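Have a look at the structure below before the remarks.
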Amino acid sequence: MKKFFYVCSTLEQTGPTSQLFNIISGLDRTLYKPIVVTLSAEKNNSLKDKFDAVNIPVMCLDESGMLGINELEKRLLNHIEQEQISVVHTQGIRADLIMSKLVGKLSINWISTLRNIPYLDYPAQYGKVKGLLMAVIHLLALRKCKKVVVVSESVRKPLQKFFKRDINVINNGIDTLFYNKDKIELEAVSEVRQQYKLAEDLQILIYTGVFEERKNLLPLLDEINKVDGFKLLLVGKGSQLAQIQLHPAVINEKVAVVGAVSDVRPYIIASDAFILVSKAEGLPNSVLEALALGCPAILSDIGPHKEIHVAARKYTQLIELADMRSLSSFLTHTYPQWRNKIEQEDCAVIAARGFSSSVNSLSYQKLYLKGEL
């Protein structure tokens, strides 16, 4: 049996943490013994209990939050040697930096999952200068990794030129047993509709995720404000919250700012379509979750969204990112015909077939069995 370390920053309630859980929970435990190693202490919005519930051991290298990269490197090396670890699987810039320093000091197999395009994502999140510097450092660290995995072909193509070895592609997967509309009580859905005044004659759109510039939310609200007969639910939190709350679409009650919630499923089930018109993505969990719950998706025409559209063509609609007016035009003229042709059950089947967590985990296990791993 091979012992694996899965190293990440924390188990914060995010898409990457959910993906990590999917990979590990689907492992063949007769072949693999997984141990999650976090670099920092958990905060309130942690998914650690979810890992504990299925007996996935979790250890933290720095409960104090005071240690630098060098000290974290020493502690991780010590645990690798004590536990006789066969493979280290990392995700996130800090975990990748630490392993890039360790890989030359011991004989260890290292695999890393990269869930974004650093030079596009980091400048938007951390500022142009700091973000580009972080991107360069991250990509240089990953060049030392023998097995780099990305979450879509659209992420692989622009990044491959930075690597001598071929990058692997394994699509994100979602827990289709959890994201199943039959698991949600009708009362919970009814409460959402009542609380946010979702009248029967309105078409309800929903966005779930962070409120940040990359997600293109303010232009989305501009277009929603132009059309009648629709209401948009914004579920999440982020740096643009104050701007969103002052937007005319919110003031005009065409948009309801829900905020962060512990369970998005009743909100998605109460909606008629999911919408994500972001500028950049890896392969967004939120879209896959919506499809699994029977909610079709309106998406910007970026590469990862096009990949989802190929797999779920009837259940997704692409909007021109370069001309956001195409969104209000679609909603006004074409949306009713598109939406009326879609059955929830068919939508969920497509998600389960191509993007389930079991397919995702099996793909990683096949990679573990190849070559050096």
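Index from 1, following the sequence. These figures come from a predicted structure and were not determined experimentally.
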Subject >> E307 side chain vs S152 backbone, donor-acceptor pair below 3.5 Å >> reply: no
Original post:
What distance separates K306 NZ from L318 CG, expressed to the nearest 0.5 Å?
Top reply: 7.5 Å
Subject >> Over all atoms of both residues, closest heavy-atom pair of P304 and G282 >> reply: CB-O, 2.9 Å
Original post:
What is the minimum heavy-atom distance between L283 and V151, and which atoms define it?
Top reply: N-CG2, 3.5 Å
**OP:** For the pair E73 and K105, evaluate salt bridge (charged side-chain N to carboxylate O under 4.0 Å, His left out) and give the outcome as yes or no after the intermediate values.
**Re:** CA-CA 11 Å; E73 176 193 342; K105 297 181 180 180; 2.6 Å; yes
**OP:** Kindly give the cluster partners of M134, where membership spreads through any ILVMFWY side chain lying under 4.5 Å from a current member.
**Re:** I93, L97, Y122, Y126, L133, I137
**OP:** Examine distances only and state if a side-chain atom of T332 and a backbone atom of S328 form a donor-acceptor pair shorter than 3.5 Å.
**Re:** yes
Subject >> I24 CD1 to R29 CZ distance, which is reported to the nearest 0.5 Å >> reply: 8.0 Å
Original post:
Can you say whether the rings of F330 and Y335 are parallel (under 30°), tilted (30 to 60°) or perpendicular (over 60°)?
Top reply: perpendicular
**OP:** First locate atom CH2 of W110, then atom NZ of K146, and finally report the distance between them rounded to the nearest 0.5 Å.
**Re:** 11.5 Å
Original post:
Side-chain donor-acceptor pair under 3.5 Å between Q125 and R214, yes or no?
Top reply: no
**OP:** Indicate yes or no for a side-chain donor-acceptor contact from S25 to the backbone of F21 under 3.5 Å, with no hydrogens or angles considered.
**Re:** yes
Subject >> Donor-acceptor contact below 3.5 Å, side chain D301 vs main chain L321 >> reply: yes
Original post:
Are Y179 and L177 joined in one hydrophobic group, where the rule is that I, L, V, M, F, W and Y side chains link up if heavy atoms are under 4.5 Å apart?
Top reply: no
**OP:** Of all the heavy-atom pairs spanning V155 and E281, show the shortest one and how long it is.
**Re:** CG2-O, 4.1 Å
**OP:** Please say which of L106, I108, I111, I98 ends up in a side-chain contact (heavy atoms from CB on, under 4.5 Å) with V88.
**Re:** I108
Original post:
To the nearest 0.5 Å, what is the distance between CZ (R165) and CG (L142)?
Top reply: 11.5 Å
**OP:** Is it possible for you to check whether K50 lies under 6.0 Å from the centre of the six-membered ring of F178, through NZ or CZ, and within 45° of that ring's axis?
**Re:** yes
Kindly list each side-chain donor-acceptor pair under 3.5 angstrom involving residues 232-245, sequence neighbours excluded, with atom names and distances?
none

Subject >> Heavy-atom donor-acceptor pair, S326 side chain to E320 backbone, under 3.5 Å >> reply: yes
Subject >> side-chain contact (heavy atoms from CB on, under 4.5 Å), paired with F5, selected from H89, M99, E83 >> reply: E83
Original post:
Does the pair K215 and E212 meet the rule for a salt bridge (charged side-chain N to carboxylate O under 4.0 Å, His left out), with working shown?
Top reply: CA-CA 6 Å; K215 299 295 186 175; E212 62 181 34; 5.8 Å; no
Subject >> Distance in Å, Q19 CD paired with D175 CG, rounded so as to fall on 0.5 Å steps >> reply: 10.5 Å
